[in-house]
A.B. asks: 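After the structure tokens below, expect a handful of questions from me.
Letters go in sequence order (proteins before strands), and every chain restarts at 1.
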Protein chains: 2
Amino acid sequence: MPARKPPAAPAPRPAAGKAATITDIARLAGVSKKTVSRIINHSPLVRKGTREKVQALMREVGYAPDPLARGLAFRRSFLIGMVFDNPTAQYIVDMQYGALDALRDSGYELVVHPCDTRSPDCVDSVRRFVQQQKLHGVILVPRASEGQALAEMLTAINCNYARIVPADCDDQAGRLIVTHDRDGAAEVAGHLLALGHTEVALVTGPSSARSAAERTEGFLQAMAAGGIDIPASRIIEGDYSFESGVAAGETLLARRRPTAIFCSNDEMAAGVYKVAARARMNIPRDLSVVGFDDSPLASLLWPSLTSVRRHTRESGRIAAAALIRAESDPLPVASVRPHLIVRDSTAEPLRAPASA
Amino acid sequence: MPARKPPAAPAPRPAAGKAATITDIARLAGVSKKTVSRIINHSPLVRKGTREKVQALMREVGYAPDPLARGLAFRRSFLIGMVFDNPTAQYIVDMQYGALDALRDSGYELVVHPCDTRSPDCVDSVRRFVQQQKLHGVILVPRASEGQALAEMLTAINCNYARIVPADCDDQAGRLIVTHDRDGAAEVAGHLLALGHTEVALVTGPSSARSAAERTEGFLQAMAAGGIDIPASRIIEGDYSFESGVAAGETLLARRRPTAIFCSNDEMAAGVYKVAARARMNIPRDLSVVGFDDSPLASLLWPSLTSVRRHTRESGRIAAAALIRAESDPLPVASVRPHLIVRDSTAEPLRAPASA
DNA sequence: CTGAAAGCGCTTACAG
DNA sequence: CTGAAAGCGCTTACAG
């Protein structure tokens, strides 16, 4: 190499205001852009000494590759989309925090995309979102994860995705994070059986929701296994809303009263609380109530609500981690199991069982 | 132009699988890429006929410009960041929905970024986020919007931002969306005065939060204007948590009891509810309670809670809209005013005033 | 009003 | 293990 003039300034660093680019790093390190690129992308085809020298330089300069330029060259962005369909606020936020746990310092960012699954152009809307932004991957949150339409569309356009689902389902293309809602409901049944309840009622979620079906089946089967068959008159379909909990509570408490009511989510349990309060019933003495979600509400109600905790943040973390790991990763399905949190809304029944 | 071979296929459309690019559109329309670019960017320097022809073609082909390529060329992405610091879940979600309302079909997307304002590297973390992603703009949500550190950093790196703030503050560089928490608290005072309450207590938020200070001042000033000076013993500082509401309720109801308690958010009001229930007090007969936020909780509690509605979604919408509009827009500050929702937790005091 | 050239900061495909 | 050339899909700066 021909001798250069001794530099007056301490080497040609990138200009003050502007961020360093791969060209700056290459020049400063005395290697080609391609070598720097290999290091950015963790290619093994770089000598150790070269790698370490360049990495030290990148750290010193505070270099970070431009995701826009990388995305353009890769034909794929560094964005993970989260698609959800209006569940409760706490659930969405927990899921976001979980995904962000996995994405932190990874160079990926989380883009949120609510949608209305019932709307006919939901699939088209998500497709446009994914294709236009060239998303790296998509997390499908219940209830957007239910039904196969979105998953099939994502498969068709070759987009990675992870689905949080209440129960295992058929999916050849995406990752599944199964939350086993059925097990949580069965645990509720076990708790009520252990307390000695025989006069038990159930407020379900909307039959269109897979989670609702799972909770219903898990609960009824476990009760039946414990020798209690719940009559149809004590099974009321709600829609996960507070109001539907109120309505169900009014119906159930107007008849021969059960000693315990399992509500398929906390909001509906709050509705039952309201009816019980108006009827001057004491929870848990006159009535045991159980919810599902372990939302903040569960601790805020009085008495505090026995409920099923879902580990939502953990589900979100696993989903996001699966999307940013190597595609050849060998874990198509993960399990996150719920568990019962016993609080003050459940106790032994006061009244003797009506039969026997 | 020299004669071309008659095309066997109906013109050289972009290949089946791949999305059309600006080059395809230019070729198909018989104009230069630059002209298409002008149309994408709404430049007036295009003849109307040309514009309409090209727009029709873009629609027909389903062309949408690649945000990665545009971002690289513009040195700025089409992403709006939302920075928040752990307020309640419903508040975050409402804010996100609001921002998304404004961003829908705009080509911009929303990237969420929680941060811990108390952490010393919060500012650095947000700076890295903004610079690495070359964000188009940032929405600062309370409490991340309080304090000048983040705003000053964003100004320094020349990043557009909009701040949702509880009260007007000094800010030369960003947009302000002022929620006037003070007015909401004053309205609560007016409501309690109108009902005839004179024995009134206040549970404040943490003194470090601007929203808490605003609500406290608004409430105390309006009560004073109505002739009621609240003694210091009836002003308890909470931290917006349920537990702090319980603690405040226990303190307040152990002394000479007030006939009304204004809690600076709904969660703390739920804490007071719990204490009242344990003490077998009837709300609102024995005690009126008012919250702030009008969260879903307000409707779920029994009796339903009188509270202040904040129009959070609207705030988020205005903030996002301000960021994607022309920079020369003449509206540095917008106002979103809260208003009181009267429900079942407030009534006239039962007892005669202690003093005449 | 319109366009040809160069460039944004990376990566792929190829060559050594 | 390393690099020079071409390209990803746009825009800027310049010229007409």
A.B. asks: Under 4.0 angstrom, heavy atoms only, what part of the nucleic acid is Phe78(A) near: base, sugar-phosphate, or nothing?
C.D. replies: nothing

A.B. asks: Would you indicate which nucleotide in dT12(C), dG9(D), dA13(D) comes nearest to any side-chain atom of Phe74(A)?
C.D. replies: dT12(C)

A.B. asks: Counting only side-chain heavy atoms from C-beta out, which of dG9(D), dT2(D), dC10(C) sits nearest to Pro65(A)?
C.D. replies: dC10(C)

A.B. asks: At under 4.0 Å, does any side-chain N or O of Arg70(A) touch on OP1 or OP2 of dT11(C)?
C.D. replies: yes

A.B. asks: Let me know the distance between CG of Leu45(A) and P of dT11(C), rounded to the nearest Å.
C.D. replies: 14 Å

A.B. asks: So which one's nearest nucleotide on DNA chain D is more toward 5', Thr50(A) or Arg75(B)?
C.D. replies: Thr50(A)

A.B. asks: Any chance you could encode DNA chain C as dot-bracket? Rule is Watson-Crick or G-U wobble with both distances under 3.5 Å; [ ] for pairs crossing earlier ones, | for another strand.
C.D. replies: |||.||||||||.|||

A.B. asks: Quick one, Tyr63(A) and Ile22(A) - any side-chain contact, counting heavy atoms below 4.5 Å?
C.D. replies: yes

A.B. asks: How close or far is atom P of dT12(D) from atom NZ of Lys33(B), stated in whole angstroms?
C.D. replies: 13 Å

A.B. asks: Rounding to a whole Å, what distance do you find between Gln132(B):CD and dG9(C):P?
C.D. replies: 14 Å

A.B. asks: Can you tell me how far OG of Ser106(B) sits from NE2 of His136(B), rounded to the nearest 0.5 angstrom?
C.D. replies: 9.0 Å

A.B. asks: Tell me which of Thr23(A) and Val46(B) sits closer to the 5' end of DNA chain C, going by the nucleotide each one is nearest to.
C.D. replies: Val46(B)

A.B. asks: Tell me: CG of Leu68(B) to C1' of dC8(D), nearest whole Å?
C.D. replies: 10 Å

A.B. asks: If you compare every side-chain N and O of Ser37(B) against the phosphate oxygens of dC10(D) (OP1, OP2), does one of them come in below 4.0 Å?
C.D. replies: no

A.B. asks: When you compare the side chain of Ile80(A) with that of Ile139(A), does any pair of heavy atoms fall below 4.5 Å?
C.D. replies: yes

A.B. asks: For the residue pair Gln132(A) / Glu109(B), report whether a side-chain donor-acceptor contact shorter than 3.5 Å exists.
C.D. replies: no

A.B. asks: For the side chain of Val31(A), starting at C-beta, report the closest nucleotide among dG3(D), dT11(C), dT12(D).
C.D. replies: dG3(D)

A.B. asks: When rounded to the nearest 0.5 angstrom, what distance separates CD in Glu152(B) from CD1 in Ile157(B)?
C.D. replies: 13.0 Å

A.B. asks: Looking only at side chains, do Asp170(B) and Gln172(B) share a donor and an acceptor under 3.5 Å apart?
C.D. replies: yes

A.B. asks: Starting at the 5' end of DNA chain C, which residue's closest nucleotide do you reach first, Lys134(B) or Thr35(B)?
C.D. replies: Thr35(B)

A.B. asks: CD1 of Ile25(A) versus P of dT11(C): gap in Å, rounded?
C.D. replies: 13 Å

A.B. asks: Do Asn41(A) and Arg70(A) have side-chain atoms, one donor and one acceptor, less than 3.5 Å apart?
C.D. replies: yes

A.B. asks: Between P on dG7(D) and CG on Leu72(A), what's the gap in Å once rounded to a whole number?
C.D. replies: 14 Å

A.B. asks: For a quick test of reading the model: is some side-chain N or O of Ser32(A) closer than 4.0 Å to OP1 or OP2 of dG3(D)?
C.D. replies: yes

A.B. asks: Rounded to whole angstrom units, what separation is found between the CZ atom of Arg38(A) and the P atom of dC1(D)?
C.D. replies: 11 Å

A.B. asks: Just checking, any donor-acceptor pair under 3.5 angstrom between side chains of Ser119(B) and Asp121(B)?
C.D. replies: yes

A.B. asks: Measure from CE on Met58(B) to P on dC10(D) and round the result to the nearest Å.
C.D. replies: 11 Å

